[in-house]
Amino acid sequence: MAELTDDALRAFSRDGCAVIDGFISKSEIAELRQRISGLLDEFDPSMHPAIAFETGTSTQYFFDSANKVSYFLENDKQAVNKIGHGLHIIEPLFQRLTHSDRVKRVAEQLGYKDPRVLQSMVICKQPGVGGAVPMHQDSTFLFTEPLSACGFWIALEDCTQTNGCLEFIPGSHRRSAVEQRFVRTQDDKGTEMVDIDPVAHHRSHLPRLEDYYNREAEPAAVDGNDKDEQCVPIEVSAGALVLIHGQVLHKSAHNHSPKSRWIYTFHIIDGECKYDERNWLQMRENVEMTRL
């Protein structure tokens, strides 16, 4: 079974990202890609509003996407940017992978007591038009008290700098506090980014990782003036899993290449942590967040 080695756990703790190569097989990749192609073929613009996904998106369609298969477009609205956010609930292939023993094992290794799944999606990054994702921290968008978000990012194609692979600032999860939250407005009709009291890394709910770094060797704060220059690309082959700490700064570039960059990603939080009603993503009333 694919799992985190001690070296990978150490890398995740030190850097905020870790890679497990060959996390899913070639046959699984082929099945998932076939289903994604089917979902793209099934996309009927007359049945879905032409919503470009970007920070600030605030329609009911967006709010209702937690347990549905919804489509979001690139800014030019000429191509699908992503399909989400309830693939792990609605789509059998994605449900099976998300709830597989290997995913549960990794969550266990990371120290989760009651892992819950949310915000599952396919990000397409279509050839030539796949948009850039600006620098961000996942815990800004999936805020818990204490912080507990972790991204599971699975490559369905080779991901390189040419087609817009992930990039991150190593160690930034220990250097950059979470200072904002992406929340619903008080009238529940929109979203906004609000400032909060800074939440530092030591308030993260990943206790298992404390065994893997030297507290006396804490890095200096991230220089806000040259964040892009501090980024390191994560180039991986199809089938690899990239783990993304909820506080690590990461981004991806525009895909100017003739090749797509399909990936499947979902997030987990710990059910023992408070996930409040201000978060933009909410399940339907009386429906609990999916247990891993």
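As the structure is a computational prediction, the values presented were derived from the model and not from experiment.
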*Kindly determine whether Arg33 and Glu157 satisfy salt bridge (Lys or Arg N to Asp or Glu O under 4.0 Å), including the steps that lead there.*
CA-CA 9 Å; Arg33 287 180 55 81; Glu157 300 181 280; 3.3 Å; yes
*Report the C-alpha distance between Glu108 and Arg102 in whole Å, list the side-chain angles of each, state the deciding distance to 0.1 Å, and finish with yes or no for salt bridge (Lys or Arg N to Asp or Glu O under 4.0 Å).*
CA-CA 10 Å; Glu108 178 185 37; Arg102 73 199 105 156; over 6 Å; no
*For Glu74 and Lys82, run salt bridge (Lys or Arg N to Asp or Glu O under 4.0 Å): C-alpha distance rounded to whole Å, both residues' side-chain angles, the deciding distance at 0.1 Å, then the answer.*
CA-CA 8 Å; Glu74 296 290 351; Lys82 72 171 184 175; over 6 Å; no
*asked:* I'd like to know whether Asp158 forms a side-chain contact (heavy atoms from CB on, under 4.5 Å) with Val236, so could you lay out the CA-CA distance, the side-chain angles of the two residues, the decisive distance to 0.1 Å, and finally the verdict.
replied: CA-CA 6 Å; Asp158 293 346; Val236 294; over 6 Å; no
*Verdict with supporting geometry, Arg291 and Asp114, salt bridge (Lys or Arg N to Asp or Glu O under 4.0 Å)*: CA-CA 7 Å; Arg291 294 177 184 272; Asp114 180 18; 3.2 Å; yes
_Determine whether Thr290 and Leu118 satisfy the following criterion, side-chain contact (heavy atoms from CB on, under 4.5 Å), listing intermediate values before the conclusion._
CA-CA 7 Å; Thr290 310; Leu118 69 170; over 6 Å; no
*Take Leu73 and Phe43 through the side-chain contact (heavy atoms from CB on, under 4.5 Å) test and state the conclusion after the steps.*
CA-CA 11 Å; Leu73 308 182; Phe43 175 55; 4.0 Å; yes
_side-chain contact (heavy atoms from CB on, under 4.5 Å) between Trp280 and Phe62, worked out_ = CA-CA 9 Å; Trp280 74 269; Phe62 178 61; 3.5 Å; yes
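Taking every heavy atom of both residues into account, Glu235 and Cys165 meet most closely at CG-SG, 4.0 Å. Of all the heavy atoms in Leu249 and Ser176, the pair that sits closest is CD1-OG, 3.4 Å.
When atom types are taken as modelled, the side chain of Gln34 and the backbone of Glu31 share no donor-acceptor pair closer than 3.5 angstrom. Panel note: side chain His254, backbone Gly128; a donor-acceptor pair is recorded below 3.5 Å. Of the possible polar contacts, one joining the Thr185 side chain to the Gly190 backbone as a donor-acceptor pair under 3.5 Å is found. Formation of a donor-acceptor pair under 3.5 Å by the Asn279 side chain with backbone atoms of Phe143 is found in this model. Judged purely by atom type and a 3.5 angstrom limit, Tyr71 uses its side chain to pair as donor or acceptor with the backbone of Leu39. Using modelled atom types, no side-chain atom of Arg261 and backbone atom of Asn163 make a donor-acceptor pair closer than 3.5 Å. Panel note: side chain Ser139, backbone Leu142; no donor-acceptor pair is recorded below 3.5 Å. Proximity of a side-chain donor or acceptor of Ser70 to a complementary backbone N or O of Ser65 within less than 3.5 Å is not detected. Of the possible donor and acceptor atoms, one in the side chain of Gln282 sits under 3.5 Å from a partner among the backbone N and O of Asp276. Between the Glu91 side chain and the His88 main chain, no donor and acceptor come within less than 3.5 Å of each other.
With a 6.0 Å radius and a threshold of 12 heavy atoms from other residues, nucleotides or ligands, Glu288 has its CD atom above the threshold.
Contact check for Ile234 versus Val19: side-chain heavy atoms found under the 4.5 Å cut-off. For the pair Asp195 and Arg181, the minimum side-chain heavy-atom distance is 4.5 Å or more. Using a 4.5 Å cut-off on side-chain heavy atoms (C-beta onward), Leu40 and Gln126 make contact. The shortest side-chain heavy-atom distance between Leu147 and Gln137 does not fall under the 4.5 Å cut-off. For the pair Lys125 and Trp262, the minimum side-chain heavy-atom distance is 4.5 Å or more. Taking 4.5 Å as the limit, some side-chain heavy atom of Leu292 sits within range of a side-chain heavy atom of Val103. In this structure, Phe23 and Val106 have side chains that are in contact, with non-hydrogen atoms separated by less than 4.5 Å. Inter-residue side-chain proximity for Thr98 and Gln95 is flagged as unmet; no heavy-atom pair is nearer than 4.5 Å.
You'll find the ring centres of Phe266 and Trp153 outside the 6.0 Å limit. A distance below 6.0 Å separates the ring centres of Phe72 and Tyr61.
Between Phe12 and His245, the two ring planes are tilted [angle within 30° to 60°]. Classified by interplanar angle (parallel below 30°, tilted 30° to 60°, perpendicular above 60°), the ring pair Phe141/His136 is perpendicular.
By the ring-ring contact (aromatic ring centres under 6.0 Å, His included) test, His267 pairs with no residue at all, sequence neighbours left out. A search for salt bridge (Lys or Arg N to Asp or Glu O under 4.0 Å) contacts involving Lys259 returns nothing, not counting sequence neighbours.
Between Glu272 and Lys113, none of the side-chain N atoms (NZ, or NE/NH1/NH2) sits under 4.0 Å from a carboxylate O, so this pair counts as no salt bridge. The pair Glu277-Arg184 does not count as a salt bridge, with every side-chain nitrogen at least 4.0 angstrom from each carboxylate oxygen.
Judged purely by distance below 3.5 Å, without hydrogens or angles, the side chains of Ser252 and Glu167 never pair a donor atom with an acceptor atom. When only modelled atom types and interatomic distance are considered, Thr5 and Asp7 share no side-chain donor-acceptor pair under 3.5 Å. Counted by atom type alone, Ser148 and Thr144 present one or more donor-acceptor pairs between their side chains at under 3.5 Å.
The CE atom of Met289 lies 8.0 Å from the CZ atom of Arg116; values are rounded to the nearest 0.5 Å. Interatomic distance, His250 NE2 to Cys17 SG, rounded to the nearest 0.5 Å: 7.0 Å.
Under the 4.5 Å side-chain heavy-atom criterion for grouping Ile, Leu, Val, Met, Phe, Trp and Tyr, Val122 is not connected to Leu166 through any hydrophobic cluster. Cluster annotation: Val242 is not connected to Ile268 through the hydrophobic network of ILVMFWY side chains, with a link wherever side-chain heavy atoms come within less than 4.5 Å. Residues Leu243 and Val133 fall into different hydrophobic clusters, defined by Ile, Leu, Val, Met, Phe, Trp and Tyr side chains chained together at heavy-atom separations under 4.5 Å. Under the 4.5 Å side-chain heavy-atom criterion for grouping Ile, Leu, Val, Met, Phe, Trp and Tyr, Met135 is not connected to Ile244 through any hydrophobic cluster. Phe182 and Met121 end up in different hydrophobic clusters when Ile, Leu, Val, Met, Phe, Trp and Tyr side chains are linked at under 4.5 Å.
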